[in-house]
Amino acid sequence: MPELPEVEALRVFLGDHLVGKEIARVLPLSVNVLKTYDPPPTALEGTTVTSVDRHGKFLDIGAGPLHLVTHLSRAGWLQWRESFPAKPPGPGKGPLALRTVLADGEGFDLTEMGSKKRLAVYLVHDPMDVPGIARLGPDPLAPDFDRDAFAALLAGERRQIKGALRDQSLIAGIGNAYSDEILHAAKMSPFKRTTDLDDDDINHLHTALRTTLEEAVARTSGVAAGRLKSEKRGGMRVHGRAGEPCPVCGDIILEVSFSDSALQYCPTCQTGGKPLADRRTSRFLK
């Protein structure tokens, strides 16, 4: 799933390629992709793109009085096109979900692989009309997201820190991959309880959070949309690397699997050298 750094890179890329250009047509090609119906996609025809913003993992393309908002979900992606075939594709053909064509012939496709279709597109007058945006927590890269603001968010939480970092209503933009990376950088168990965090833990975790995300954003800066997925994978230290040596200590990275996801961690760096024996009945050491 694209997370804050990749969506931020897409925002910059689209800002460079869209702002100031006229939209010729927007074609929804998957029956489930468009989550709003008024105004219709045809309302974007002839409008000029004025802005590209990011809200957590949401992309927001401003054109005239409207906002075309996209959440790529787990298997969605954006593909930039310098040209399109003269004949538009029929609906329901493969992974293509939505096509946006500019007056100069360029544009982008939104695609989604797999049978579970979760990619979502909204056409609204105000981004806050999108439920997922309205309930977002603060952006962790915002200037005012300092150590004290982070501590205040965690003060009312009573759960595992991994789940808290991934909660979009608490902190916007962090998902499964970067929460693994942040916790590895902080040398903290994914299952440590937020109620057990002391001042030093919060300091280390806030520093790891900002550093991990800022480095990922810098790493993807200027990378074309089509290369962002491989850039993300290449930058991971523990996520997606079960069975490989930890780049910090050399121990073998382990994995905990759940019904629809998995986390990766280093036992030596994060859990006192002790692995999780059973994901449903055991727990990491703090």
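Nothing fancy with the numbering, it's 1 onward along the sequence.
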- prompt: Checking T194 side chain against E157 main chain: does a donor-acceptor pair fall under 3.5 Å?
  reply: yes

task: Might you point out which heavy atoms bring I182 and A208 nearest each other, and give the distance in Å?
output: O-CB, 3.6 Å

query: Does the pair D180 and R166 meet the rule for a salt bridge (charged side-chain N to carboxylate O under 4.0 Å, His left out), with working shown?
result: CA-CA 10 Å; D180 280 353; R166 293 185 61 188; over 6 Å; no

task: Tell me, yes or no, whether the heavy-atom count around R135 atom CZ, taken from other residues, nucleotides or ligands under 6.0 Å, exceeds 12.
output: no

- prompt: Only one of R237, H239, E181 clears side chain to side chain donor-acceptor pair (under 3.5 Å) with Q264; which?
  reply: H239

- prompt: Is a donor on one side and an acceptor on the other found under 3.5 Å between the side chain of T212 and the backbone of L209?
  reply: no

- prompt: If every non-hydrogen atom of D60 is compared with every non-hydrogen atom of P127, which pair is closest and at what distance?
  reply: OD2-CG, 3.2 Å

- request: Just say parallel, tilted or perpendicular for the rings of H206 and F145, cut-offs at 30° and 60°.
  value: parallel

- prompt: So does R147 pair up with D199, basic N to acidic O under 4.0 Å?
  reply: yes

message: Would the distance check show the side chain of R241 and the main-chain N or O of M236 forming a donor-acceptor pair, the cut-off being under 3.5 Å?
response: yes

Distance-only polar pair, side chains of D167 and S169, donor-acceptor under 3.5 Å: yes

statement: Between A177 and E3 the two heavy atoms that sit nearest each other are N-OE2, 2.9 Å

Sidechain-backbone polar pair: R193 side chain, R158 backbone, donor-acceptor under 3.5 Å: yes

task: Specify the closest pair of heavy atoms between P2 and V7, including all atoms of both residues, with the distance to one decimal.
output: CB-CG2, 4.1 Å

- prompt: Sub-3.5 Å donor-acceptor pair from the side chain of E244 to the main-chain atoms of I253, do we have one?
  reply: no

